[in-house]
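First the structure, in the form of structure tokens, and then the observations on it.
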Number of protein chains: 2
Amino acid sequence: MGNREDLLAGALACLKDRGWARTTVRDIATAAGVNHAAIGYHFGSRDALLTEAFMLAMEEWGDEVEKATAAGVDPDASPRERYEAFWREAIASFGRSRELWLATIEAGVQAEHTPKIKELVQMGMQMSRTGFASKLLGVPEETLDGQTARTVGSIQLALMSGLLMQWLIDPENAPSEQDIADGLVALAAHITNSPRA
Amino acid sequence: MGNREDLLAGALACLKDRGWARTTVRDIATAAGVNHAAIGYHFGSRDALLTEAFMLAMEEWGDEVEKATAAGVDPDASPRERYEAFWREAIASFGRSRELWLATIEAGVQAEHTPKIKELVQMGMQMSRTGFASKLLGVPEETLDGQTARTVGSIQLALMSGLLMQWLIDPENAPSEQDIADGLVALAAHITNSPRA
DNA sequence: AAATGGTTTATCCAAATGGATTGACCAGAT
DNA sequence: ATCTGGTCAATCCATTTGGATAAACCATTT
């Protein structure tokens, strides 16, 4: 393990607990236990290093999501129980890997200023849509039609990032897994009813 | 209109198209057409000015949300039509006031580093929950019980920020108002069904 | 007209920042 | 042993940053 790996690890750490914008080359170098000149040598620039570190963060993020979706596949449970189990695990992950999740939100902001990041986030969102839709409905990704991915997948993805924000900023008032399922069902029921509810 | 007002307007502009982290005192001063020393005189520090400007952004944000909710109250329309009308207007606003919406996301990140901002965002989220729930269900805020606000309101708020992210980062693949309603109903139907769908 | 108090501007400054340079180091090939 | 290509660290550098200082400005009061 040379400086290169140390720098990547240090950059990932900084990305999590300082965020993209406020990490300096010296922050990274200190976290990595390396002279900051090594950044220029191995990566060319601070931004290039951070971009590469962000890819590591996306992998970790994928693992966390997978862990949550894995919780929602008990064949003996009802769909609702499975759905709540998913959120129970997701919410736990929000707390357990708080900094990581925070970094994913900041990535959304950073995407606006760094084209490469934008591409990565777009890719991640597309994969999430189909992944969520398939796992949620219990249909293999191959046989999943694009329309369902765009509807169910997009909604689940939106709930994921939206509820993440609530849990990060105001966990006191954020909805529990039951609240989520209740709200979803109540909202859909209201929309479906032809007369006023 | 003295420097103070100009600085606030300039800071708001910078907040929108440069974001909190990357706006410098000189950016603001230039945008305001004012010497940057005036920031110290009128607000004490860059962060204090940005915090005050952020409150202006929150007001504008409230107006945009209100405009969208107003689109969802046609008494002749079905609940579903009203819901889609809301999202049609919301999505239009995402495009029309792109920078403003972007600033609200960055606020979520900034909340992590600036307690005052965190308070403001928490407040905004609480108001949004009850506001959304009441407008959506057609129930005055006074008679709305806390549980419904936490469930339906939280879900709608989550969809709002989650779908905003999708529309900001990848409008090409973001769901339309029909997609949203479809997905919501399909997801709820799946959860409700006792056997597998 | 002179004085006053609030405001604005022109500079100054120390610290921080990203990056470049330069010479040391070191394992493996010659 | 020495040469070589890659790695590393110490140091330097120009620029940018947020903020402070102090002098000018200006309307109002005396």
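So you know, we letter chains A, B, ... as the sequences are listed, proteins then strands, and number each from 1.
Of the charged side-chain nitrogens involved, at least one lies within less than 4.0 Å of a carboxylate oxygen, so that B:Glu60 and B:Lys16 count as a salt-bridged pair. A salt bridge is absent between B:Arg82 and B:Asp74: the closest approach of a Lys/Arg side-chain nitrogen to an acidic carboxylate oxygen does not fall below 4.0 angstrom. One finds a salt bridge joining A:Glu64 and A:Arg96 here, because a Lys/Arg side-chain nitrogen approaches an Asp/Glu carboxylate oxygen to under 4.0 Å. Between A:Arg46 and A:Asp27 no salt bridge is recorded (no basic side-chain N to carboxylate O distance below 4.0 Å).
Scanning atom types as modelled, no donor and acceptor separated by under 3.5 angstrom connect the side chain of B:His36 and the base of D:dG18. The base of D:dG19 is not paired with the side chain of B:Arg46 by any donor and acceptor separated by under 3.5 Å.
Closest contact between the side chain of A:Asn35 and the listed nucleotides C:dT9, D:dA9, C:dT17 involves D:dA9. Distance from the side chain of A:Val25 is smallest to C:dG18 among D:dA9, C:dT9, C:dG18. The side chain of A:His42 approaches D:dC8 more closely than any other nucleotide in the set C:dA20, D:dG19, D:dC8. Side-chain atoms of A:Arg26 lie closest to D:dC12 of the nucleotides D:dT17, D:dC12, C:dT9.
In this entry the distance linking CZ of B:Phe43 with P of D:dG18 reads 15 Å, nearest Å. When the C1' atom of D:dG18 is taken as reference, atom CG of B:Asp47 falls 10 Å away, rounded to whole Å. Distance CG (A:Asp6) to C1' (D:dA9): 14 Å, rounded to an integer number of Å. For A:Arg4 and D:dA9, the CZ to C1' distance is 19 Å, given to the nearest whole Å. Remark: P of D:dA10 and CD1 of A:Ile39 are 15 Å apart, rounded to the nearest angstrom. For the pair A:Arg18 CZ and C:dT17 C1', the computed distance is 15 Å after rounding to whole Å. Distance B:Arg22 CZ to C:dT17 P: 15 Å, rounded to the nearest Å.
One side chain, A:Ser176 or A:Asp179, offers a donor N or O that lies under 3.5 Å from an acceptor on the other.
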Next item on the list: Give the intermediate values and the outcome of salt bridge (charged side-chain N to carboxylate O under 4.0 Å, His left out) for residues B:Arg98 and A:Glu112.
Entry: CA-CA 11 Å; B:Arg98 193 168 191 286; A:Glu112 199 63 20; 2.5 Å; yes
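By the side chain to side chain contact (heavy atoms under 4.5 Å, CB included) test, B:Leu8 is found to be paired with B:Arg4, B:Phe43, B:Leu49, B:Glu52, B:Ala53, B:Leu56, residues two or more places apart in sequence or in another chain being considered.
An OP1 or OP2 oxygen of D:dC8 is reached within less than 4.0 angstrom by no side-chain nitrogen or oxygen of A:Tyr41. Residue A:Asn3 places no side-chain N or O under 4.0 Å from the OP1 or OP2 atom of D:dT7.
The residue B:Ala37 sits close to a base: some heavy atom pair falls under 4.0 Å.
For the helix from C:dA1-D:dT30 to C:dT30-D:dA1, the end axes, each set by the C1' atoms of five terminal pairs, are bent relative to each other by 30° (nearest 10°).
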